[in-house]
Amino acid sequence: MNENRKPRGVQVISRAADILRHLGRSPEGQSLAQIAHQVELPRSTVQRIIGALALEGFVAPERANGGFRLGPGIQSLANASRVGLADRLRQAMRTISNETGETVDLAILRGSRMLFIDQVVGTHRLRAVSSIGETFPLTDTANGKAALACLERQEAADLIAAELGIPGSSSSRMAEILEDVEKVRFRGLAFDENEHTEGICAIGFALPDRNGDILALSVPIPHNRYFQVKVDLEETLAFWKRTLGDGFQ
(Lines give C-alpha, C1' and ligand atoms only; values in the text may rest on other atoms or scores of the structure.)
Protein backbone atom coordinates (compact mmCIF):
# COMPACT_ATOMS: atom_id res chain seq x y z
CA MET A 1 0.00 0.00 0.00
CA ASN A 2 1.50 3.33 -1.03
CA GLU A 3 1.49 6.51 1.12
CA ASN A 4 -1.59 7.99 -0.56
CA ARG A 5 -3.72 4.87 -0.12
CA LYS A 6 -3.03 4.36 3.60
CA PRO A 7 -5.96 5.12 5.97
CA ARG A 8 -5.55 8.66 7.32
CA GLY A 9 -4.73 7.56 10.89
CA VAL A 10 -2.11 5.10 9.70
CA GLN A 11 -0.69 7.72 7.35
CA VAL A 12 -0.21 10.21 10.19
CA ILE A 13 1.49 7.59 12.37
CA SER A 14 3.77 6.62 9.48
CA ARG A 15 4.72 10.26 8.88
CA ALA A 16 5.35 10.82 12.60
CA ALA A 17 7.57 7.73 12.67
CA ASP A 18 9.57 9.04 9.69
CA ILE A 19 10.11 12.35 11.48
CA LEU A 20 11.19 10.64 14.69
CA ARG A 21 13.61 8.38 12.82
CA HIS A 22 15.11 11.41 11.07
CA LEU A 23 15.52 13.31 14.35
CA GLY A 24 17.11 10.20 15.87
CA ARG A 25 19.85 10.52 13.26
CA SER A 26 20.29 14.24 14.02
CA PRO A 27 21.03 14.68 17.75
CA GLU A 28 21.96 18.32 17.13
CA GLY A 29 18.37 19.06 16.10
CA GLN A 30 16.78 20.12 12.80
CA SER A 31 14.64 23.03 11.65
CA LEU A 32 11.14 22.49 10.32
CA ALA A 33 12.39 23.22 6.80
CA GLN A 34 15.19 20.68 7.11
CA ILE A 35 12.84 18.01 8.46
CA ALA A 36 10.29 18.71 5.71
CA HIS A 37 13.00 18.33 3.07
CA GLN A 38 14.30 15.06 4.51
CA VAL A 39 10.89 13.38 4.92
CA GLU A 40 9.49 14.92 1.71
CA LEU A 41 6.42 16.49 3.30
CA PRO A 42 5.02 20.03 3.21
CA ARG A 43 6.39 22.26 5.96
CA SER A 44 2.84 22.88 7.25
CA THR A 45 2.26 19.12 7.64
CA VAL A 46 5.55 18.68 9.49
CA GLN A 47 4.67 21.59 11.77
CA ARG A 48 1.35 19.98 12.74
CA ILE A 49 2.95 16.60 13.43
CA ILE A 50 5.83 18.17 15.38
CA GLY A 51 3.28 20.08 17.48
CA ALA A 52 1.47 16.87 18.38
CA LEU A 53 4.71 15.03 19.16
CA ALA A 54 5.89 17.91 21.34
CA LEU A 55 2.70 17.73 23.44
CA GLU A 56 3.57 14.08 24.22
CA GLY A 57 7.20 14.91 24.98
CA PHE A 58 8.48 12.93 21.99
CA VAL A 59 10.19 15.99 20.49
CA ALA A 60 11.54 19.12 22.16
CA PRO A 61 12.75 22.53 20.98
CA GLU A 62 16.48 22.83 20.34
CA ARG A 63 17.25 26.36 21.46
CA ALA A 64 20.72 26.42 19.95
CA ASN A 65 19.41 26.47 16.37
CA GLY A 66 15.69 27.09 16.76
CA GLY A 67 14.82 23.61 15.56
CA PHE A 68 13.66 20.39 17.19
CA ARG A 69 15.28 17.23 18.58
CA LEU A 70 14.04 14.04 20.20
CA GLY A 71 12.40 14.71 23.57
CA PRO A 72 12.49 12.98 26.96
CA GLY A 73 9.37 10.95 26.17
CA ILE A 74 11.36 8.84 23.71
CA GLN A 75 14.01 8.09 26.32
CA SER A 76 11.30 7.08 28.79
CA LEU A 77 9.95 4.56 26.29
CA ALA A 78 13.44 3.18 25.70
CA ASN A 79 14.01 2.84 29.43
CA ALA A 80 10.66 1.10 29.87
CA SER A 81 11.70 -1.42 27.23
CA ARG A 82 14.91 -2.15 29.11
CA VAL A 83 13.07 -2.59 32.39
CA GLY A 84 10.69 -5.04 30.73
CA LEU A 85 13.61 -7.09 29.45
CA ALA A 86 15.23 -7.17 32.88
CA ASP A 87 11.91 -8.33 34.36
CA ARG A 88 11.71 -11.23 31.90
CA LEU A 89 15.25 -12.23 32.65
CA ARG A 90 14.68 -12.02 36.38
CA GLN A 91 12.14 -14.85 36.24
CA ALA A 92 14.74 -17.05 34.56
CA MET A 93 17.30 -15.98 37.17
CA ARG A 94 14.95 -16.97 40.01
CA THR A 95 14.31 -20.36 38.41
CA ILE A 96 18.01 -21.06 37.89
CA SER A 97 18.81 -20.02 41.46
CA ASN A 98 15.97 -22.14 42.87
CA GLU A 99 17.12 -25.18 40.88
CA THR A 100 20.81 -24.84 41.71
CA GLY A 101 20.91 -22.94 45.00
CA GLU A 102 23.51 -20.66 43.40
CA THR A 103 23.68 -16.90 42.99
CA VAL A 104 22.71 -15.64 39.53
CA ASP A 105 24.00 -12.31 38.19
CA LEU A 106 22.82 -10.11 35.33
CA ALA A 107 25.24 -7.69 33.70
CA ILE A 108 25.15 -5.38 30.71
CA LEU A 109 28.01 -4.33 28.44
CA ARG A 110 28.67 -0.65 29.04
CA GLY A 111 31.59 0.73 27.06
CA SER A 112 34.52 -1.54 27.87
CA ARG A 113 33.20 -3.00 31.15
CA MET A 114 30.42 -5.28 32.37
CA LEU A 115 28.02 -3.45 34.69
CA PHE A 116 26.08 -5.58 37.21
CA ILE A 117 22.41 -4.55 37.12
CA ASP A 118 20.53 -7.37 38.89
CA GLN A 119 21.13 -10.39 41.10
CA VAL A 120 19.33 -13.30 42.74
CA VAL A 121 21.28 -14.47 45.78
CA GLY A 122 21.68 -18.23 46.21
CA THR A 123 20.82 -20.31 49.26
CA HIS A 124 24.19 -21.97 49.85
CA ARG A 125 25.93 -20.71 52.98
CA LEU A 126 29.19 -20.44 51.03
CA ARG A 127 28.38 -18.41 47.95
CA ALA A 128 29.79 -15.76 45.63
CA VAL A 129 28.02 -12.39 45.77
CA SER A 130 28.90 -9.16 43.96
CA SER A 131 27.23 -5.79 44.41
CA ILE A 132 24.81 -4.32 41.88
CA GLY A 133 26.50 -1.32 40.30
CA GLU A 134 29.97 -2.89 40.31
CA THR A 135 31.81 -3.16 37.01
CA PHE A 136 34.00 -6.03 35.87
CA PRO A 137 36.51 -6.59 33.06
CA LEU A 138 35.79 -8.44 29.84
CA THR A 139 38.74 -10.74 29.33
CA ASP A 140 38.78 -12.83 32.50
CA THR A 141 35.10 -13.05 33.51
CA ALA A 142 32.40 -15.39 32.22
CA ASN A 143 29.95 -12.58 31.51
CA GLY A 144 32.67 -10.49 29.86
CA LYS A 145 33.83 -13.23 27.52
CA ALA A 146 30.21 -14.09 26.72
CA ALA A 147 29.57 -10.45 25.78
CA LEU A 148 32.70 -10.34 23.60
CA ALA A 149 31.40 -13.37 21.70
CA CYS A 150 28.30 -11.36 20.72
CA LEU A 151 30.44 -8.73 18.97
CA GLU A 152 32.08 -8.71 15.57
CA ARG A 153 35.61 -10.13 15.81
CA GLN A 154 37.35 -6.80 15.18
CA GLU A 155 35.23 -4.95 17.72
CA ALA A 156 35.94 -7.65 20.28
CA ALA A 157 39.67 -7.51 19.46
CA ASP A 158 39.72 -3.74 19.93
CA LEU A 159 38.11 -4.02 23.38
CA ILE A 160 40.49 -6.80 24.39
CA ALA A 161 43.55 -4.82 23.25
CA ALA A 162 42.34 -1.74 25.13
CA GLU A 163 41.78 -3.73 28.33
CA LEU A 164 45.16 -5.44 28.12
CA GLY A 165 46.95 -2.24 27.13
CA ILE A 166 48.43 -4.01 24.13
CA PRO A 167 48.73 -2.18 20.78
CA GLY A 168 47.74 -4.24 17.80
CA SER A 169 46.74 -7.88 17.93
CA SER A 170 49.99 -9.82 17.67
CA SER A 171 50.56 -10.75 21.32
CA SER A 172 50.20 -14.34 22.50
CA ARG A 173 47.78 -13.21 25.25
CA MET A 174 45.56 -11.51 22.67
CA ALA A 175 45.55 -14.66 20.52
CA GLU A 176 44.71 -16.78 23.55
CA ILE A 177 41.71 -14.63 24.51
CA LEU A 178 40.42 -14.40 20.94
CA GLU A 179 40.62 -18.20 20.70
CA ASP A 180 38.65 -18.46 23.94
CA VAL A 181 36.02 -16.04 22.58
CA GLU A 182 35.69 -18.15 19.41
CA LYS A 183 35.03 -21.18 21.60
CA VAL A 184 32.28 -19.23 23.37
CA ARG A 185 30.71 -18.41 19.99
CA PHE A 186 30.71 -22.12 19.13
CA ARG A 187 29.46 -23.61 22.40
CA GLY A 188 27.32 -20.68 23.58
CA LEU A 189 28.66 -20.64 27.13
CA ALA A 190 31.63 -18.82 28.67
CA PHE A 191 33.75 -19.98 31.58
CA ASP A 192 35.83 -18.28 34.26
CA GLU A 193 37.76 -20.88 36.22
CA ASN A 194 39.69 -18.96 38.89
CA GLU A 195 40.68 -16.34 36.31
CA HIS A 196 39.20 -13.13 37.70
CA THR A 197 39.16 -14.02 41.40
CA GLU A 198 41.08 -16.93 42.89
CA GLY A 199 38.63 -19.36 44.45
CA ILE A 200 35.64 -18.25 42.37
CA CYS A 201 34.51 -19.86 39.09
CA ALA A 202 31.58 -18.92 36.87
CA ILE A 203 29.62 -20.00 33.81
CA GLY A 204 27.55 -17.57 31.76
CA PHE A 205 26.01 -16.64 28.44
CA ALA A 206 25.12 -13.38 26.73
CA LEU A 207 22.46 -12.27 24.30
CA PRO A 208 21.85 -9.04 22.36
CA ASP A 209 18.47 -7.41 22.97
CA ARG A 210 16.30 -5.46 20.54
CA ASN A 211 17.86 -2.18 21.65
CA GLY A 212 21.34 -3.28 20.68
CA ASP A 213 22.47 -3.83 24.27
CA ILE A 214 24.30 -7.02 25.24
CA LEU A 215 23.18 -8.64 28.48
CA ALA A 216 24.97 -11.47 30.21
CA LEU A 217 23.56 -13.91 32.75
CA SER A 218 26.18 -15.73 34.84
CA VAL A 219 26.40 -18.05 37.81
CA PRO A 220 29.44 -17.60 40.09
CA ILE A 221 30.38 -20.57 42.26
CA PRO A 222 33.05 -21.15 44.92
CA HIS A 223 35.83 -23.32 43.49
CA ASN A 224 35.38 -26.08 46.10
CA ARG A 225 32.05 -27.21 44.61
CA TYR A 226 32.32 -25.87 41.05
CA PHE A 227 33.52 -29.08 39.41
CA GLN A 228 30.86 -31.11 41.23
CA VAL A 229 28.05 -29.08 39.65
CA LYS A 230 29.68 -27.93 36.39
CA VAL A 231 28.05 -30.43 34.02
CA ASP A 232 24.53 -29.96 35.40
CA LEU A 233 24.93 -26.19 35.42
CA GLU A 234 26.12 -26.21 31.80
CA GLU A 235 22.96 -28.09 30.80
CA THR A 236 20.76 -25.69 32.74
CA LEU A 237 22.33 -22.57 31.26
CA ALA A 238 22.39 -23.98 27.73
CA PHE A 239 18.64 -24.61 28.05
CA TRP A 240 17.96 -21.07 29.23
CA LYS A 241 20.16 -19.54 26.55
CA ARG A 242 18.10 -21.32 23.88
CA THR A 243 14.82 -20.42 25.57
CA LEU A 244 15.64 -16.76 26.15
CA GLY A 245 17.40 -16.38 22.79
CA ASP A 246 14.12 -16.58 20.90
CA GLY A 247 12.84 -13.54 22.80
CA PHE A 248 15.87 -11.43 21.96
CA GLN A 249 15.65 -11.72 18.22
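Just so you know, these numbers use all the heavy atoms, side chains as well, and skip hydrogens, waters and symmetry mates.
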**Study point:** Rounded distance (nearest 0.5 Å) linking atom CG of Leu217 with atom CZ of Arg90
**Key:** 11.5 Å
Check your understanding: Between Leu41 and Arg15, is any pair of side-chain heavy atoms under 4.5 Å apart?
Key -> yes
Could you pull out all donor-acceptor pairs under 3.5 Å where a side-chain atom in residues 136-148 meets a protein atom, sequence neighbours excluded?
from   : atom 1 : to     : atom 2 : distance (Å)
Thr139 : OG1    : Glu163 : OE2    : 2.5
Asp140 : OD1    : His196 : ND1    : 3.4
Thr141 : OG1    : Pro137 : O      : 2.7
Thr141 : OG1    : Asn143 : OD1    : 3.1
Thr141 : OG1    : Gly144 : N      : 3.0
Lys145 : NZ     : Asp180 : OD2    : 3.0
Lys145 : NZ     : Phe191 : O      : 2.6
Lys145 : NZ     : Glu195 : OE1    : 3.1
Lys145 : NZ     : Glu195 : OE2    : 2.9

Review point. Sub-3.5 Å donor-acceptor pair from the side chain of Asn194 to the main-chain atoms of Gly199, do we have one?
Key: yes
Practice item. Taking atom NE2 of His37 as the centre, report whether more than 12 heavy atoms of other residues, nucleotides or ligands fall under 6.0 Å from it. Key: no
Review point. Would Ile214 end up clustered with Ile160 when hydrophobic side chains under 4.5 Å apart are linked, directly or stepwise?
Key: yes
Practice item. Check the hydrophobic clustering (I, L, V, M, F, W, Y; side-chain heavy atoms under 4.5 Å; chains of links allowed) and say if Ile221 and Ile200 are grouped together. Key: no
Exercise for review: Report the distance from atom NE2 of His22 to atom CZ of Phe68, rounding to the nearest 0.5 Å.
Suggested key: 12.5 Å
Practice item. Calculate, to the nearest 0.5 Å, the distance between atoms CD1 and CD1 belonging to Ile50 and Ile35 respectively. Key: 4.0 Å
Practice item. Only counting residues at least two apart or in another chain, list the ones meeting ring-ring contact (aromatic ring centres under 6.0 Å, His included) with Phe239. Key: none
Point to revise | Shortest non-hydrogen separation from Glu152 to Arg185 and the atoms involved | key: C-NH2, 4.2 Å
Point to revise | Minimum side-chain heavy-atom gap Phe58-Leu20 below 4.5 Å | key: yes
**Study point:** N/O donor-acceptor pair under 3.5 Å between Arg113 side chain and Thr135 backbone
**Key:** yes
Check your understanding: Taking the side chain from Ser97 and the backbone from Met93, do they hold a donor-acceptor pair closer than 3.5 Å?
Key -> no
Check your understanding: Out of curiosity, Leu189 CG to Ser218 OG, how far, rounded to the nearest 0.5 Å?
Key -> 11.5 Å
Check your understanding: Mind checking whether Arg187 and Glu234 have side chains closer than 4.5 Å, heavy atoms only?
Key -> no
Check your understanding: Between Leu244 and Phe205, is a side-chain contact (heavy atoms from CB on, under 4.5 Å) present by the stated rule, with each step listed?
Key -> CA-CA 11 Å; Leu244 291 168; Phe205 64 83; 4.0 Å; yes
Exercise for review: Please tell me if the side chains of Arg69 and Leu23 come closer than 4.5 Å, counting only heavy atoms from C-beta onward.
Suggested key: no
**Study point:** For the student: nearest non-hydrogen atoms of Ala149 and Val184, plus distance
**Key:** CB-CG1, 3.6 Å
Exercise for review: Go through the structure and list residues passing salt bridge (Lys or Arg N to Asp or Glu O under 4.0 Å) with Glu134, not counting sequence neighbours.
Suggested key: none
Check your understanding: Are Leu233 and Tyr226 co-members of a hydrophobic cluster defined by side-chain heavy atoms under 4.5 Å apart?
Key -> yes
Point to revise | CD-CD1 distance between Gln91 and Ile96, expressed to the nearest 0.5 angstrom | key: 10.5 Å
Point to revise | Stepwise side-chain contact (heavy atoms from CB on, under 4.5 Å) check, Thr45 with Arg48 | key: CA-CA 5 Å; Thr45 299; Arg48 287 196 301 273; 3.5 Å; yes
Exercise for review: Evaluate the side-chain proximity of Leu215 to Ile117: yes if any heavy-atom separation is below 4.5 Å, no if none is.
Suggested key: yes
Exercise for review: Decide side-chain contact (heavy atoms from CB on, under 4.5 Å) for Glu198 and His223; before the verdict, give the C-alpha distance in whole Å, the side-chain angles of both, and the deciding distance to 0.1 Å.
Suggested key: CA-CA 8 Å; Glu198 183 65 32; His223 174 84; over 6 Å; no
Check your understanding: Do Ser31 side-chain atoms and Gly67 backbone N/O form a donor-acceptor pair below 3.5 Å?
Key -> no
**Study point:** Atom pair OG1/CG of Thr100 and Asp232 - distance to nearest 0.5 Å
**Key:** 10.0 Å
Review point. Do Leu237 and Phe116 belong to the same hydrophobic cluster, where Ile, Leu, Val, Met, Phe, Trp and Tyr are linked whenever their side-chain heavy atoms lie under 4.5 Å apart, directly or via other members?
Key: no
Exercise for review: Please test Gln34 against Gln38 for side-chain contact (heavy atoms from CB on, under 4.5 Å), starting from the C-alpha separation and ending with a verdict.
Suggested key: CA-CA 6 Å; Gln34 289 172 317; Gln38 291 294 326; 5.5 Å; no
Point to revise | Side-chain (Asp213) to main-chain (Asp209) donor-acceptor, under 3.5 angstrom | key: no
Exercise for review: List the atom of Ala107, the atom of Met114, and the distance in Å for their closest heavy-atom pair.
Suggested key: CB-CE, 3.9 Å
Check your understanding: Can Ile132 be reached from Val219 by stepping across I, L, V, M, F, W or Y side chains whose heavy atoms are under 4.5 Å apart?
Key -> no
Point to revise | Heavy-atom check, side chain of Arg173 versus side chain of Ile177, under 4.5 Å | key: yes
Practice item. Check Pro220 against Asp105 and note the closest heavy-atom contact, atom names and distance. Key: CG-OD2, 3.4 Å
**Study point:** Asp18/Arg21 salt bridge by N-O under 4.0 Å criterion
**Key:** yes
